[in-house]
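Worksheet: the structure to be examined is printed underneath.
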Amino acid sequence: MPNEVQPAAPGVRRVYLDNSATTRVDDEVMQAMWPYFTEVYGNASSTHQWGQRAKQAVEEARRQVALLLNAQPPEVTFVSGGTEADNLAIKGVAQAQAGRGRHLVTSQIEHPAVLTTCGQLEREGWRVTYLPVYREGVVRLADVREALTDETVLITVMHANNEIGTVQPIREIGQLVKERRQAGQRHLHLHTDAVQSVGKVPVDVKDMGVDLLTLTAHKIHGPKGIGALYVRRGVRLQSQMHGGHHERDRRAGTESVPLIVGLGKAAELAREHLTERAGRMRELRDYLDAEVLRRVPGVARNGDPGRRLPHIANFNFDHVEGEGLQISLDLKGVAVSTGSACSSGSVEPSHVLLAIGLSRDTGHGSLRFSLSKDTTREEIDYVLETLPPLVEKLRRISPRAKKISNLESEISTPRV
Amino acid sequence: MYSQQVLDHLENPRHVGEMADASARGMATNPVCGDLLHLYLKIDGGRIVGASFQAQGCPPTLAASSALTEIVIGLALAEARALAPPDVTRALGRLPRHKEHCSVLAIDALRAALADYPPGVV
């Protein structure tokens, strides 16, 4: 295959720790999808048996996704992925409620799918408040309370951040929204992008008190190109895609039956194995976390370590540029990602790192490791052997790193 | 994304380190992304006989710095003064379009070093 990842050189392993970017499709998910490409290929809108079998599969998947979220099946709308779900939720509510008010509240660390959608609405006349997240990378309830006005129609705050993994107080915000609604502000809605948290921590739409929730299949070992938006019963939404009467008129377009089946299966597996998968990832992540801090001097963690998803660790390495480290790790077979600007073609470090107070200099030295249910201890051990010499090598080149080298010689002296 | 030459310089950077007895030194920074390069030259009889560098920055910056030290060793001062960013890029095979400024940084450091030589002469 022309695009296959090149075979590893002798002594080099392949360790994929970029599961927040995307995950491997599970064999079980792949098997579930297969018949819907070649055997049950009907259009789910057709009334013949080819179509009706496809429709049954779509409805079964809707049930599986609903079950994962503690929602009702009709509250699940299939879309092409997280970006489309975010667009539909934000623009859909903003436009449906435009007569009640034109103010939105979001955070500074949202995914671009949310931030640029909010930016587009700003250009169209809406007002948007971007909440700070402070050093710990978490939104404060008092700030949400202060930001709300009678004109506010939507709060959209992610459930957990994709770069640093911090979990946001959605349940508390949901409680606040409930109070405001009871006090008469019935047009206030709460949306959360749960793309990173689904399958990693319990996500219960009723418990959280959200009106809309975004998820995507490819972060939970499902296929790319399919996601879902939870829309609480009774919420009015302006559809963004016009066409036939698919998905209760919320999203026109022939249903991608195989991908929907894949999402359903991935959701079912995520629900069944949530506790065990999360426990294993947390244990290995905590091991990685502790050992990196122990073995590498001049390193700091990004994001409140006590409020993180179980599979993400984000570090900042003094006097090292993140992309140099990321590419060096890649050459040793280890895939991670960096918030350094250089990798993305922009000149600024990621907006998330700037929002938690890192300077333009220090923000360039960040690295994110994201584990999956399939990550093994041997893989983490390989990373722990590989990483420190690479950091040391890049620091040897750096004219700024002298202090760190002195520090290292102090640390390597046995302590009494 | 990066050429084999860039990856090779990243894995095996040439002539790394401060040169205590350098005849000339030059520094260049990119204030936008924070990249930094210190270049050291040993000059004898109007010719560059040694070069080393220290740098902090993205892979193309490290690679351009490392490649520059290879290019300049053995050159007459006039030849070194005639070098331009494309000469560095060529040694790296190619650079992504938004990374060509890394070769500019390398040449900036070289020109700063040569402006410093001979010492005391303006």
Side-chain angles (χ1 to χ4, degrees), chain A residues 3 5-6 9 12 298 316-335 337-350 353-354 358-367 386 389-405, chain B residues 1-20 22 25-40 52-69 92 95-102 104-106 109 112-113:
Chain A
N3 291 324
V5 174
Q6 297 211 337
V12 172
N316 225 69
F317 296 88
D318 291 349
H319 307 299
V320 174
E321 197 276 325
E323 199 198 359
L325 197 48
Q326 183 240 310
I327 301 278
S328 299
L329 279 168
D330 188 34
L331 291 168
K332 301 284 183 194
V334 180
S337 71
T338 170
S340 162
C342 309
S343 56
S344 58
S346 88
V347 289
E348 299 243 307
S350 91
L353 300 176
L354 292 177
L358 296 191
S359 71
R360 277 173 176 73
D361 269 351
T362 54
H364 281 300
S366 90
L367 221 54
T386 311
L390 292 177
V391 174
E392 173 58 26
K393 184 166 125 187
L394 289 171
R395 281 182 182 158
R396 263 203 312 274
I397 305 176
S398 170
R400 291 194 186 111
K402 280 188 182 148
K403 278 179 196 152
I404 291 285
S405 306
Chain B
M1 180 179 178
Y2 291 126
S3 66
Q4 282 307 316
Q5 291 95 317
V6 169
L7 297 180
D8 181 46
H9 280 286
L10 179 67
E11 270 205 300
N12 311 296
R14 330 287 201 258
H15 314 112
V16 173
E18 195 174 349
M19 193 187 283
R25 345 167 153 239
M27 187 188 85
T29 57
N30 182 334
V32 186
C33 62
D35 284 2
L36 170 66
L37 167 58
H38 288 195
L39 180 71
Y40 307 92
S52 70
F53 81 99
Q54 293 175 299
Q56 185 176 329
C58 59
T61 287
L62 302 184
S65 310
S66 171
L68 177 69
T69 61
L92 297 173
L95 283 175
R97 200 168 305 157
H98 66 278
K99 292 292 193 180
E100 277 162 11
H101 63 86
C102 299
V104 175
L105 186 83

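The model shown is predicted, which means the values in this text are computed figures rather than measured ones. Convention: sequence-line order gives letters A, B, ...; per-chain numbering from 1.
When each of Ile327(A), Leu325(A), Asp330(A), Leu390(A) is checked for heavy-atom pairs under 4.5 Å with chain B, Ile327(A) comes out on top.
Between Pro59(B) and Glu323(A) the shortest heavy-atom distance is CD-OE1, 3.4 Å. In this structure, Gly34(B) and Arg400(A) approach most closely via the heavy-atom pair O-NH2, 3.1 Å. Across all non-hydrogen atoms, the minimal contact from Val16(B) to Ile397(A) is CG1-CA, 3.8 Å.
In this structure, Lys393(A) contributes its side chain and Pro13(B) its backbone to no donor-acceptor pair below 3.5 Å.
For chain A, the nearby part of Leu62(B) is the side chain; its heavy atoms alone come within less than 4.5 Å.
Distance check: Gln56(B) CD to Arg395(A) CZ gives 9.5 Å after rounding to the nearest 0.5 Å. To the nearest 0.5 Å, atom CG of residue Leu37(B) and atom OG of residue Ser398(A) are 11.0 Å apart.
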